[in-house]
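Read through the structure below, which is laid out as structure tokens, and then see the notes.
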Amino acid sequence: MKVLDEDVVARAKARGLDVVVYAPHFTRLPEIRERAARFSDDDLLVVPGREVFTGNWRHRRHILAIGLTDPVPDFITLDGALAAFAAQEAAVLVPHPEFLNVSLTAEEIAANRDRIHAVETHNFKALPRQNRRARSVVVDSDLPAFGSSYAHLRGSVGEVWTTFDRRIESESDLVDALRDGAPRRVYHRGGAAHRTRGLAEFAHLGYENSWKKIDRLFLSGTEPTHPDHVAYGGEFDAVSEY
């Protein structure tokens with residue numbers, strides 16, 4: 001999910017979730033970790049994640065890492081991101097495969113299969129035909145699946161979830177379950193309210209790709225997750241796309 005506050009936590013608990021992954025866009029890992037820790041308690045574990053925006057604006061790919069110990073910026077090559085994730089032994093997940101122009105293709109997943117631990121089969125923001133395509137990608141790649149509400153809006157939390165065959169009580173438990181290919185099942189809610197919320201999430205793309213993009217590109221200065229940011233100390237200069 002991309003949002004996290006008291007209302008989100010209350011909704012997650014009401015929906016019976018034990019663990020949520022907080023992975024907002026364009027936010028540095030230390031900030032994500034601090035906020036995840038602040039909202040974790042005995043009833044809900046909030047695991048920090050980084051959905052890294054690889055490539056440039058014309059050729060962009062999202063890739064989700066869970067279990068990072070050191071920051072990895074956006075706007076680097078896909079190979080550079082996957083190498084950084086592997087070095088930190090993070091769990092590497094593919095969200096919304098083949099979704100619009102922001103996702104890994106089936107060919108890219110196949111080419112990097114040994115460095116990927118799961119592919120999303122149900123994303124709440126995606127339309128039904130897009131989720132059907134995602135399921136076929138998982139079948140073809142023979143990689144484990146996962147599902148996600150991918151919540152950019154508070155009301156989306158808990159609309160889709162993944163259950164494992166074991167208890168997940170820590171970040172490392174989740175990383176191990178994903179990296180080990182632990183048995184799991186993907187579920188989602190149904191009914192008119194579920195469909196309406198899904199359409200609202202899809203409509204939110206218009207905001208993300210209009211005003212928010214203009215703000216990022218022209219008004220806000222250097223992104224905190226840009227590889228040129230002083231926080232990265234030039235470590236990713238060789239794989240920077242800018």
### Task
Kindly determine whether Thr54 and Phe75 satisfy side chain to side chain contact (heavy atoms under 4.5 Å, CB included), including the steps that lead there.
CA-CA 5 Å; Thr54 71; Phe75 311 118; over 6 Å; no

#### Entry: Worked verdict on Val47 versus Ile66 for side chain to side chain contact (heavy atoms under 4.5 Å, CB included)
CA-CA 8 Å; Val47 173; Ile66 301 173; 3.7 Å; yes

### Message
Under the criterion salt bridge (Lys or Arg N to Asp or Glu O under 4.0 Å), I'd like the reasoning laid out for Asp5 against Arg154: C-alpha separation, chi angles, the key distance, then a yes or no.
### Response
CA-CA 9 Å; Asp5 57 22; Arg154 291 172 178 82; 2.6 Å; yes

### Verdict with reasoning, Val92 to Ile63, per side chain to side chain contact (heavy atoms under 4.5 Å, CB included)
CA-CA 7 Å; Val92 180; Ile63 191 82; 3.8 Å; yes

### Task
Given side-chain hydrogen bond (donor to acceptor under 3.5 Å, both in side chains), test Glu98 with Thr105 step by step and report yes or no.
CA-CA 5 Å; Glu98 297 209 334; Thr105 65; 5.0 Å; no

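In this structure, Val52 and Thr225 have side chains that are not in contact, with every pair of non-hydrogen atoms separated by 4.5 Å or more. Residues Phe99 and Asn123 form no side-chain contact, since every pair of their non-hydrogen atoms from C-beta on lies 4.5 Å or further apart. Side-chain contact between Arg185 and Trp161 is absent, with no heavy-atom pair separated by less than 4.5 Å. Residues Leu4 and Val9 have side chains in contact (heavy-atom distance under 4.5 Å, counting atoms from C-beta outward). You'll find the side chain of Asp165 stays beyond 4.5 Å of the side chain of Arg184, heavy atoms only. Using a 4.5 Å heavy-atom threshold, the side chains of Tyr242 and Pro227 count as separate. Between Pro71 and Pro30, some side-chain heavy-atom pair lies under the 4.5 Å cut-off. Residues His226 and Pro73 have side chains not in contact (no heavy-atom distance under 4.5 Å, counting atoms from C-beta outward).
Lys13 has a carboxylate O that lies under 4.0 Å from a charged side-chain N of Asp41, or vice versa, which qualifies the two as a salt bridge. With salt bridges taken as basic N to acidic carboxylate O contacts below 4.0 Å, none links Arg197 and Glu201. By the 4.0 Å N-to-carboxylate-O rule, Arg179 lies too far from Glu89 to be salt-bridged with it.
Linking Ile, Leu, Val, Met, Phe, Trp and Tyr whenever their side-chain heavy atoms come within less than 4.5 Å puts Phe164 and Leu93 in one cluster. Put simply, Leu68 and Ile116 are part of the same group of oily side chains (I, L, V, M, F, W, Y) that touch within less than 4.5 Å, one to the next.
Residues Phe53 and His62 place their aromatic rings such that the two centres sit under 6.0 Å apart. Taking the six-membered ring for Trp and the full ring otherwise, Phe124 and His194 have centroids separated by under 6.0 Å.
By the neighbour-count criterion of 12 heavy atoms within 6.0 Å, atom CZ of Arg166 is densely surrounded, having more than that number from other residues, nucleotides or ligands. Atom CZ of Arg38 is surrounded by more than 12 heavy atoms from other residues, nucleotides or ligands within 6.0 Å.
When the options His152, Gln130, His96 are evaluated for a side-chain contact (heavy atoms from CB on, under 4.5 Å) with Lys125, the one that passes is His152.
Between the side chains of Glu159 and Tyr187, no donor-acceptor pair is found at a separation under 3.5 Å.
Scanning both residues, Gly158 and Leu17, for their nearest heavy atoms gives CA-CD1, 4.0 Å. Smallest separation of non-hydrogen atoms from Arg50 and Leu29: CG-CD1, 4.1 Å.
Considering CD1 of Ile76 and CD of Glu235, their distance stands at 9.5 Å, rounded to 0.5 Å.
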